Amino acid sequence: MSEAILEMIGVSKHFGGVKAIDQFSLRIEPGTIYGLIGPNGAGKTTIFNTITGIYTADAGEIRFNGKDITKIRPHEAAALGIARTFQNIRLFGNLSVLMNVIIACNMHAPYTLGDALLRTGRFRRSSEEIRSTAEHFLEIVGLTDKADDRASSLPYGHQRKLEIARAMATQPKLLLLDEPAAGMNEDESKELVEFVRRLHRDYPITIMMIEHHMDVVAMLCDECTVLDFGKTLAQGTVEEVKKNDAVIAAYLGGEL
Ligand SMILES: Nc1ncnc2c1ncn2[C@@H]1O[C@H](COP(=O)(O)OP(=O)(O)OP(=O)(O)O)[C@@H](O)[C@H]1O
Ligand SMILES: [Mg+2]
């Protein structure tokens with residue numbers, strides 16, 4: 001077996017009496033698209049929060065490319081190449097669409113604060129490069145013609161795409177998408193599927209996505225986990241999971 005890009009082993013996170021995730025394990029192979037499914041409050045976002053260091057797990061171990069990241073801080077996760085979008089969109093609403101991506105690109109800026117203050121050649125060159133990188137990622141998500149609009153003026157579906165452009169601009173190895181199709185209509189979510197496919201084809205990334213739309217998961221994901229009350233109900237390919245008795249019982253003939 002090749003080395004997993006992400007491995008969670010017996011990870012638990014409790015909030016008071018609530019076991020948000022309980023002895024949770026998973027293994028994601030590099031270069032795949034992995035789905036995380038489950039009802040509201042199942043613990044999906046908590047899993048993302050433990051991977052990205054927003055919360056620290058109470059027990060268990062998280063490994064990224066073989067490295068123990070259980071106690072990582074958010075900026076360290078970003079520096080290692082883990083990027084995410086948020087379920088509750090987090091953009092700089094008053095800034096332009098382009099500026100939102102430029103800020104994300106700046107994480108990799110090859111200049112120092114001194115260069116920026118003195119406006120050295122290195123700073124000017126590098127800020128031009130950053131601008132064109134940001135424009136590139138806006139183009140990828142199809143928001144080029146919105147570059148000068150205020151981020152908060154975009155419709156919901158476009159704001160979600162802008163979040164993805166921001167995450168991609170940090171050039172991650174692992175991209176975590178928290179309900180990317182939420183608030184999108186059917187056409188927009190079809191477009192999102194195409195666009196995630198393209199990202200996956202064109203960049204050397206592994207994607208993990210939380211998604212309620214089963215059709216989106218079925219179209220994109222190589223494997224998935226169904227989570228319920230912080231525990232795994234089933235893991236495997238979408239086809240396998242759909243046939244799982246515990247999953248069928250939990251969903252009572254619902255969306256799955
Ligand atoms: N910071 C927190 N403080 C207290 N409880 C929390 C906190 N974060 C999450 N929880 C609780 O942990 C459980 C799992 O929450 P989580 O947000 O991970 O679920 P989810 O699967 O992402 O749900 P949704 O589909 O609604 O986004 C819920 O009961 C939630 O109330
Ligand atoms: Mg959530």
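As the structure lists them, so they are numbered: ligands from 1, and atoms in each ligand from 1. Just so we're clear, the structure is a prediction, and the values are computed from it rather than from any experiment.
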Notebook entry, point to check: Mind checking whether Phe48 has a heavy atom under 4.0 Å from ligand 1?
Noted result: no
Note to self: What protein heavy atom lies closest to atom 26 (O) of ligand 1? Include the residue and the distance to one decimal.
What the structure shows: Asn40 ND2, 3.1 Å
Next item on the list: Return the residue, atom name and 0.1 Å-rounded distance of the protein heavy atom closest to atom 3 (N) of ligand 1.
Entry: Phe15 CD2, 3.5 Å
Note to self: Between Glu163 and Lys161, does any side-chain N to carboxylate O distance fall below 4.0 Å?
What the structure shows: no
Checklist line | Per-atom contacts, ligand 1 versus His212 - under 4.0 Å to a heavy atom | finding: 25 (O)
Note to self: Strictly less than 4.0 Å: does any protein heavy-atom distance to atom 9 (C) of ligand 1 fall in that range?
What the structure shows: yes
Item checked: Distance from atom 27 (O) of ligand 1 to nearest protein heavy atom, with residue and atom -> Gln87 NE2, 2.6 Å
Next item on the list: Among all protein heavy atoms, pick the one closest to atom 19 (O) of ligand 1 and tell me residue, atom and distance.
Entry: Gly43 N, 3.3 Å
Notebook entry, point to check: Below 3.5 angstrom, do we get any N/O pair linking Gly41 and ligand 1?
Noted result: yes
Next item on the list: Verify the neighbour count for atom CG of Asp148: are there more than 12 heavy atoms of other residues, nucleotides or ligands below 6.0 Å?
Entry: no
Checklist line | Any N, O or S atom of Asn40 closer than 2.8 Å to the Mg ion (ligand 2) | finding: no
Notebook entry, point to check: Which part of Val18 is near ligand 1, with near meaning a heavy atom under 4.0 Å away: side chain, backbone, both or neither?
Noted result: side chain
Item checked: atom 1 (N) of ligand 1: the protein heavy-atom neighbour that sits closest, reported with distance to 0.1 Å -> Tyr55 OH, 2.8 Å
Notebook entry, point to check: Hey, is CD on Glu76 packed in by over 12 heavy atoms from elsewhere, all under 6.0 Å?
Noted result: yes
Checklist line | CG-CE distance between Leu175 and Met208, expressed to the nearest 0.5 angstrom | finding: 11.5 Å
Next item on the list: Starting from the C-alpha separation in whole Å, work towards a yes-or-no answer on side chain to side chain donor-acceptor pair (under 3.5 Å) for Thr70 and Glu61.
Entry: CA-CA 5 Å; Thr70 316; Glu61 193 180 325; 5.5 Å; no
Note to self: Using heavy-atom distances only, which candidate in His14, Lys44, Lys13 approaches atom 21 (O) of ligand 1 most closely?
What the structure shows: Lys44
Notebook entry, point to check: Within the structure, does at least one protein heavy atom fall under 4.0 Å of atom 31 (O) of ligand 1?
Noted result: no
Notebook entry, point to check: Considering only heavy atoms of Glu179, which atoms of ligand 1 have at least one such atom less than 4.0 Å away?
Noted result: 25 (O), 27 (O)
Notebook entry, point to check: Which heavy atom of the protein is the closest neighbour of atom 16 (P) of ligand 1, given with residue, atom name and distance?
Noted result: Thr46 OG1, 3.6 Å
Notebook entry, point to check: Has Thr45 got an N, O or S atom lying less than 2.8 Å from the Mg ion (ligand 2)?
Noted result: yes
Check: Could an N or O of ligand 1 be found under 3.5 Å from any N or O of Ala20, whether backbone or side chain?
Finding: no
Note to self: ring pair (Phe, Tyr, Trp, His ring centres under 6.0 Å), that's the test. Do Tyr55 and Phe15 meet it? Break it down for me.
What the structure shows: CA-CA 11 Å; Tyr55 300 145; Phe15 296 103; 5.0 Å; yes
Check: Between Glu29 and Arg27, is there a salt bridge with N-O shorter than 4.0 Å?
Finding: yes
Checklist line | Closest protein heavy atom to atom 17 (O) of ligand 1, given as residue, atom name and distance to 0.1 Å | finding: Thr45 CB, 3.8 Å
Check: Within 45 degrees of the axis of the six-membered ring of Phe195 and under 6.0 Å from its centre: does Arg198 put its NZ or CZ there?
Finding: no
Next item on the list: Return the minimal non-hydrogen interatomic distance between Ile210 and Pro180, and the atom names on each side.
Entry: O-CD, 3.4 Å
Check: At what distance, to the nearest 0.5 angstrom, does CZ of Arg84 lie from OG1 of Thr45?
Finding: 7.0 Å
Check: To the nearest 0.5 Å, what is the distance between CG (Asn94) and OG (Ser152)?
Finding: 6.0 Å
